[in-house]
Asker: 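Here it is: the structure, laid out below.
Just so it is clear, the values below take in all heavy atoms, side chains as well, and ignore hydrogens, waters and symmetry mates. Note that ligands are numbered from 1 as they come in the structure, with each ligand's atoms numbered from 1 the same way.
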Amino acid sequence: MAFSFFGGVHPKENKHYAEERSVQTFPEPDLLVIPMSQHIGAPCKPLVKKNDIVTRGQKIGDNQGLCVPVHASVSGKVKAVEMRPHTNGSTVMSVVIENDHQDTLCPDIKPRTKEEVDALTPAELCDIIREGGVVGMGGAAFPTHVKLSGAIGKADTIIVNAGECEPYITSDDRLCQEMPEIVVSGLLVAMKILGLKEGHIGIEDNKPKAAAALKNAAVGTGVIVDVLPAKYPQGAEKQLIYAVTGREVPSGGLPVAVGCVVINAATCKAIHDAVYLGMPLIERIVTVSGDILLEPKNLMVPIGTSFNELMEACGVSENPYKVLNGGPMMGTAQYDLSVTTIKACNAITFLGHSNNFYVEDSRCLRCGKCIDACPMKLSPVLMYKAMQSGDVDEMKSINIMDCIECGCCAYTCPACVPLVQGFRSAKVLIRNAAAAAKK
Ligand code: SF4
Ligand code: SF4
């Protein structure tokens, strides 16, 4: 049974640009810039130096603590280890590889048979997933081995997020249509780690081909495909848990507090590849779409490919007004297209000037529409007021930290108040105040 979460919106889906485009392998670029920071946690320290020769899949960065390694996505020569622009707006240490186009595979990469995988313990599987550099690929980039190992004995339900509710983005849709057995296989590995006989895949009813393919692949496996009514943000973790189980994650809590674990469909493929193929996470499907693209595409892209090259591969009909890492609701605007794809980059959206909704000195009309739209049952209008006042205690008291930055409030606001930007600033203020209080 599917539950309908509170609030949400129905933005124009714009999936038609790319949804019928099969996944194509992007020709490997001559130069790749691989950031050492692609996950939540400690950034990797480079394990290679300038002029080193690297092979495809070789580990080139790692660190202690909350961390997963990064790997070379092509074979070639290290041209530099230096600070480079990152999609998060900062510059981070990166390994720049000159591609030799030889595709020389790292000798450590060895596939495993089904029997070998069946013989592995949950701890061994988690180690393999860590060494494969697997993170949440829906955007959060939290290390998957930590999420799974931390939920052993606590979670009774695992849900694969194949919701993909953001407009324009079709990478998970194509993955589920074209590689459903691999998605199910990765989920079965995660179920084994958690000791579960049953698993769920949540997908919206606007992706009937993907849902049918997954159902077919899931026959006899214990995997249930839950087809949910399309509503944004169905793919948000807490909303998906409610939609599938009816359980509400408490304010400030994690899914495991209600016995749930959520992993993304692309993460399932990365788990499968790491465990069965011995192949670390070095490439992913990226939807390159938008209303000004001449040829939108779903591309299998090596990690470290520049946004510029992807834009050139698809062509644009005008200079973009906005380029987003992600989709128009939650994506982050990019000002330097030399930034490169990372593990959590599922889409790049190129929007034209007709998407300019900026209003100088926007004023709240007190219509309350943002309150009705908020899936977290927050009061965006009051949160914005608290942010403007700079009163950190007030911001905390109205639960700004619970905001998932889904953009429903901003989408529905007739006055175009920049609500989400305000909440992002407010969170920085709250975190800075907490850090200052610790000193
Ligand atoms: S961005 Fe935050 S406040 Fe706005 S609707 Fe989403 S969760 Fe609610
Ligand atoms: S939707 Fe916009 S105008 Fe209406 S109450 Fe919220 S912030 Fe104010």
Asker: Atom 6 (Fe) of ligand 1: which protein heavy atom is closest, and how many Å away?
Answerer: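 Going atom by atom, the protein heavy atom closest to atom 6 (Fe) of ligand 1 ends up being Cys406 SG, 2.3 Å.
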Asker: What atoms of ligand 1 come within less than 4.0 Å of a heavy atom belonging to Glu405?
Answerer: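 Answer, ordered by atom number: 1 (S), 2 (Fe).
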Asker: Could you check atom 8 (Fe) of ligand 1 against the protein and tell me its nearest heavy-atom contact, residue, atom and distance included?
Answerer: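 So the nearest neighbour among protein heavy atoms is Cys374 SG, 2.4 Å.
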Asker: Enumerate the protein N/O/S atoms at a distance below 2.8 Å from atom 6 (Fe) of ligand 2, ignoring waters.
Answerer: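 Atoms qualifying: Cys370 SG.
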Asker: Are a donor atom and an acceptor atom from the side chains of Asn298 and Ser171 found within less than 3.5 Å of each other?
Answerer: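 Per modelled atom types, Asn298 and Ser171 side chains form no pair under 3.5 Å.
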Asker: May I ask you to check whether Ser389 and Asp391 show a side-chain donor-acceptor distance below 3.5 Å?
Answerer: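 Looking only at side-chain atoms, Asp391 and Ser389 do not form any donor-acceptor pair under 3.5 Å.
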Asker: With sequence neighbours left out, write down each residue that passes side chain to side chain donor-acceptor pair (under 3.5 Å) with Asn355, or none if nothing qualifies.
Answerer: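 With neighbours one apart ignored, the set is Asp291.
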Asker: Please identify each residue that fulfils ring pair (Phe, Tyr, Trp, His ring centres under 6.0 Å) with Tyr17, with sequence neighbours left out.
Answerer: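 So Tyr17 forms a ring pair (Phe, Tyr, Trp, His ring centres under 6.0 Å) with Tyr168.
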Asker: Which atoms of ligand 1 are found less than 4.0 Å from any heavy atom of Pro375?
Answerer: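 Heavy-atom distances to Pro375 below 4.0 Å select 5 (S).
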Asker: Sequence neighbours left out, what passes side chain to side chain donor-acceptor pair (under 3.5 Å) with Glu131? Give chain and number order.
Answerer: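 Glu131 satisfies side chain to side chain donor-acceptor pair (under 3.5 Å) with Lys59 once adjacent residues are dropped.
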Asker: Nearest protein heavy-atom contact for atom 7 (S) of ligand 1: which residue, which atom, what distance?
Answerer: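 Among all protein heavy atoms, the one nearest atom 7 (S) of ligand 1 is Ile404 N, 3.5 Å.
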Asker: As an exercise, identify every atom of ligand 1 less than 4.0 angstrom from a heavy atom of Gly407.
Answerer: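 In order of number, 1 (S), 6 (Fe).
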Asker: Using only atom types and a distance under 3.5 Å, with no angle test, would you say the side chain of Glu166 pairs donor to acceptor with the backbone of Met330?
Answerer: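 Here the side-chain-to-backbone pair exists.
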Asker: Report, in ascending order of atom number, the atoms of ligand 1 lying under 4.0 Å from any heavy atom of Met383.
Answerer: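 That gives atoms 3 (S) of ligand 1.
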Asker: Hey, which of Thr245, Ile263, Val261 is the one that makes side-chain contact (heavy atoms from CB on, under 4.5 Å) with Ile159?
Answerer: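 Between Ile159 and the candidates, side-chain contact (heavy atoms from CB on, under 4.5 Å) is satisfied uniquely by Thr245.
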Asker: Looking at side-chain heavy atoms only, is the closest gap between Val323 and Pro320 below 4.5 Å?
Answerer: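 Yes - at least one pair of side-chain heavy atoms lies under 4.5 Å apart.
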Asker: Under 4.0 Å, heavy atoms only, figure out whether ligand 1 is touched by the backbone of Met376, its side chain, both or neither.
Answerer: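 It is the side chain that gets close, since no backbone atom is under 4.0 Å.
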Asker: Under 3.5 Å, is there a donor-acceptor pair between the side chain of Asp205 and the main chain of Val227?
Answerer: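 Checked: no pair found.
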Asker: What is the distance from atom CZ of Arg21 to atom OG1 of Thr287, rounded to the nearest 0.5 Å?
Answerer: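 Spacing of CZ (Arg21) from OG1 (Thr287) equals 11.5 Å.
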Asker: List the closest protein heavy-atom neighbour of atom 2 (Fe) of ligand 1: residue, atom name, distance to the nearest 0.1 Å.
Answerer: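 Atom 2 (Fe) of ligand 1 sits closest to the protein heavy atom Cys403 SG, 2.3 Å.
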